[in-house]
Amino acid sequence: MTTRDRHRDQHREHAAATAARPRAARLHPLTFVVGAVRELIALLAAGAAGLAVGGLSTAFFFTLAGLAFGLLVHVAGWATFTYTLYDDRLELRRALVGRSVKTIPRDRIRGVDISAALPHRLLGLAIVHIDAGADGGEGVLNAVSRQEAERLRRLLLAAHTASPEEPARAPRRVLARMRPAGSCTRR
């Protein structure tokens, strides 16, 4: 085998491994807008405090500072959060201050609920709640597109349905047997 053949084989192996590896996904970019709507009440409170303390110019300054801070927090949160769907698990990664990885095994997932608050509905987004019972806890994807939410629900709940290739398992022990109605005889 020549060096060229070895390099070509290594390249093919790397390409196959890269193609098979799931890709990390982020929340929808409009997450900032959803976050801004939630922060609106806090910004109004900051503006009212500034108005009471120093007049209109101070209120404007407090509101602008609150808006800038809220935007930075939401941008940082969006940039540092990813989710990856593997064959056997869902991983939620957050790396804002410290790194945190929440792994939810797919066979533990009991339900996937899709909801949408008013800002989400206006922007065509959804919130995905993943319930994994007591073992896996719960995962939340706060702002994904409706199509992505439906895709995730379909893929995550597909783990519950047995594949046609998988044979049905026989019970390990018999708990009870039933006879047809006309077959009972007394002795």
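Atom CG of Leu85 sits about 12.0 Å away from atom CZ of Arg23, to the nearest 0.5 Å. Rounded to the nearest 0.5 Å, atoms CZ (Arg94) and NZ (Lys102) are 10.0 Å apart. A distance of 13.5 Å separates CG of Leu141 from CZ of Arg26, quoted to the nearest 0.5 Å. The CZ atom of Arg108 sits 15.0 Å away from atom CG of Leu90, with the distance rounded to the nearest 0.5 Å. Interatomic distance, CD1 of Ile104 versus CG of Asp88, reported as 12.5 Å (0.5 Å rounding). Rounded to the nearest 0.5 angstrom, Arg89 CZ and Ile109 CD1 are separated by 12.0 Å.
Under the salt bridge (Lys or Arg N to Asp or Glu O under 4.0 Å) criterion, Glu150 pairs with Arg153, not counting sequence neighbours. Residues passing the side-chain contact (heavy atoms from CB on, under 4.5 Å) test with Thr84 are Pro22, Ala24, Tyr86, sequence neighbours excluded. For Arg151, the salt bridge (Lys or Arg N to Asp or Glu O under 4.0 Å) partners two or more places apart in sequence, or in a different chain, are Glu148. For the salt bridge (Lys or Arg N to Asp or Glu O under 4.0 Å) test, residues two or more places apart in sequence or in another chain that qualify with Arg93 are Glu91. The side-chain contact (heavy atoms from CB on, under 4.5 Å) check on Val73 picks up Phe69, with sequence neighbours excluded.
Atom CG of Asp87 sits in a sparse spot, with 12 or fewer heavy atoms from other residues, nucleotides or ligands closer than 6.0 Å.
Contact annotation: the side chain of Thr31 never approaches that of Phe81 to less than 4.5 Å [non-hydrogen atoms, C-beta and beyond]. Taking the side chain as every heavy atom from C-beta outward, Ile130 and Leu156 approach each other to under 4.5 Å.
The hydrophobic cluster of Val101 has no other members, since no ILVMFWY side-chain heavy atom comes under 4.5 Å of it.
The two residues Trp78 and Leu27 make their nearest non-hydrogen contact at NE1-O, 2.8 Å.
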When the side chains of residues 111-127 are checked against the rest of the protein, which donor-acceptor pairs come out under 3.5 Å, sequence neighbours left out?
unit_1	atom_1	unit_2	atom_2	d
Ser115	OG	His129	NE2	3.4
His120	NE2	Asn142	O	2.9
His120	NE2	Asn142	OD1	3.4
Arg121	NH1	Ala116	O	2.8

